[in-house]
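The sequence lines fix the lettering, A, B, ..., with proteins before strands; numbering per chain opens at 1.
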Amino acid sequence: MNDTGIRTIGELPVEVPPGRDLWPAIAARIVAERAASHASAAPADVARPLRGARTPLALFAVAASVALVGLGLWLGRASLPGLDAAGTGAAAGSTLLAAYQPGSRFVAERAALRRDAEVRLAALPPRTRAKVAASLQSIDHALRDIEAALGQDPANALLQELLVNTYQDEMRVLSELQTTGTVGQEI
Amino acid sequence: MPMSSADTATVMDFDEVLARQAGRGDARAFERLYRAHAGRVHGLCLRMARDAAAAEDCTQEAFIRAWRALPRFEARSGFGTWLHRIAVNVVLERRRVPTREEPLPPDPDALGELSWTFDTPVELAEIETAVASLPDGARDALVLCALYGYTSVEAGEMLGVAAGTCKAQLHRARQLLAARLNRGIA
C-alpha cells in the first residue's frame with residue numbers, strides 16, 4: 001500500500017504558480033490599453049499637438065520595454081537559485097512605498113550594487129553570465145525609456161509607477177546576484 | 001500554520017482595499033493582487049484547460065479582463081471569487097468546440113452531498129492525470145466544487161449551468177475518478 005499519496009481531492013494544491021511571471025505582459029497590455037484610450041479620448045485638434053501625439057507613443061514604447069524586461073528577468077530568474085518562484089510579491093510589497101524620485105542613498109547603494117554585480121558577473125559561468133547581463137541590459141534600456149517618457153510627461157503617475165517597479169526589478173536581480181554566494185558554480 | 005478567521009478576514013479586507021485602489025487606476029495595487037492570486041487562478045485554469053500554455057494565456061487574459069472590469073467591482077462575493085468567475089469564463093470561451101457529454105442522471109437534485117476521500121492514498125501525479133482525463137463538464141464541476149470549495153450553485157453560475165446539472169456532473173466525476181484510479185471514494 002502506498003502511504004505517501006494523498007487521501008482526498010482537497011489535498012491537491014490549489015495554488016499552481018505559472019511557469020513564468022505573467023505580470024510584465026499584463027502590465028504592458030494595461031499600459032498600452034490606457035495609452036490607446038487616452039489617444040482616442042483626445043480631441044483631434046489638441047492645443048498641444050506634440051505632447052498629445054508623443055505621450056501615447058512613449059507609453060507604447062515603455063510598455064514594450066517593460067515586456068522585454070519581463071522576458072529578460074525571467075531568464076535571470078530561471079538561472080538564479082533561491083529566488084521566489086511564486087513571484088516577487090514580498091520584495092515588491094516591502095518597497096512599494098519608495099519615493100518616486102530616487103534619493104541619494106538609493107543612488108549610492110544602487111551604484112555599489114552595480115559595481116559589485118560587475119565583479120560577480122565576471123565570475124559566473126558563461127551561460128548564466130549572459131542571461132543575467134541580458135536582464136540588466138533590458139532593465140537599463142527600460143529605465144532610459146521610462147525616464148525619457150517622464151521627461152515629456154513628468155506628472156504621469158503610470159510612468160512613475162513603472163519607474164519604481166523597474167528599479168525594484170533591478171534591485172531584485174542585483175540582490176539575488178549578491179546572495180548567490182557560490183561564485184563560479186554553474187547555476 | 002492554518003490561517004485564523006481573523007487573518008482570513010484581514011486578507012479579504014486587504015484584497016478589497018487593493019481592488020478599490022486598482023479600480024481607480026492604481027497599477028501597483030493591481031500587481032499586488034496579481035501576486036496574491038496568480039497561483040490560484042493559474043491552478044484553476046490549468047485544471048480546466050489541461051494545457052500549460054493555454055492555462056498561462058487564460059490566466060493572463062483573466063487578469064487583464066479583471067483590470068478592465070475593476071471599476072465596476074462590487075465586493076459582494078470577494079475579489080478571489082470574482083476573479084475566478086472571470087477566469088472560468090475565459091477558459092470556457094476558449095473551448096470553441098464543446099465536447100460531447102454523456103447523459104447525466106435524471107434527477108440530480110436527489111443526489112446527496114459528496115465526500116472525496118479515497119480508500120487508499122493516491123500519488124499526486126496519478127490523481128492529476130485522472131482528473132485531467134475527465135470529460136470537460138465533470139472535470140469543471142470537480143475542480144470548482146471539490147478542489148476550490150464552491151457550492152454546486154456557485155459553480156453552476158460560473159459554468160452557466162443549473163446547480164442540479166453541476167451536482168450531477170460531480171457525481172459523474174466521482175464515478176469516473178474511482179474507476180480510473182481503481183479506488184473507492186468514500
*asked:* Between B:G25, B:A125, B:A52, who has the most heavy-atom pairs with chain A when the cutoff is under 4.5 Å?
replied: B:G25
*Would B:Y150 and A:V16 show up in the same hydrophobic cluster when neighbours are defined by side-chain heavy atoms closer than 4.5 Å?*
no
*Taking only residues two or more places apart in sequence or in another chain, which ones pass salt bridge (Lys or Arg N to Asp or Glu O under 4.0 Å) with B:R65?*
B:E61, B:E93
*asked:* Return the CH2 to CD distance between B:W67 and A:E33, rounded to the nearest 0.5 Å.
replied: 10.0 Å
*How long is the span from the OG1 atom in B:T117 to the CD atom in A:E11, to the nearest 0.5 Å?*
8.5 Å
*chain A contact via B:L177 - which portion, at a heavy-atom distance below 4.5 Å*: side chain
*Any chance you could measure A:I9, atom CD1, to B:F118, atom CZ, to the nearest 0.5 Å?*
4.0 Å
*Look up atom CD1 in A:I6 and atom CD1 in B:I127, then write down how far apart they are to the nearest 0.5 Å.*
4.0 Å
*Should A:I26 and B:Y34 count as side-chain neighbours, where that means a heavy-atom distance under 4.5 Å?*
yes
*Any chain of hydrophobic side-chain contacts (each under 4.5 Å) joining B:L176 to B:M48?*
yes
*Might you point out which heavy atoms bring A:P18 and B:A38 nearest each other, and give the distance in Å?*
CD-O, 4.3 Å
_Run the salt bridge (Lys or Arg N to Asp or Glu O under 4.0 Å) test against A:D116 and tell me which residues pass, sequence neighbours left out._
A:R120
_Grouping I, L, V, M, F, W and Y whenever their side-chain heavy atoms are under 4.5 Å apart, do B:I86 and B:L46 come out in a common cluster?_
no
*Distance in Å, B:Q60 CD paired with A:W23 CH2, rounded so as to fall on 0.5 Å steps*: 11.0 Å
*Looking only at heavy atoms, which two atoms of B:R47 and A:V14 are closest? And how far apart?*
NH1-CA, 4.2 Å
*Would you say the side-chain atoms of B:E56 pair up with the backbone N or O of A:G19, donor to acceptor, closer than 3.5 Å?*
yes
_A:E15 and B:L44, any side-chain heavy atoms less than 4.5 Å apart_ = no
*Under a 4.5 Å side-chain heavy-atom rule over Ile, Leu, Val, Met, Phe, Trp and Tyr, are B:F14 and B:L33 clustered together?*
yes
*Answer with side chain, backbone, both or neither: which region of B:L147 has an atom nearer than 4.5 Å to a non-hydrogen atom of chain A?*
both
*4.5 Å side-chain heavy-atom contact, A:P13 and B:L124*: yes
*Taking the side chain from A:R7 and the backbone from B:D119, do they hold a donor-acceptor pair closer than 3.5 Å?*
yes
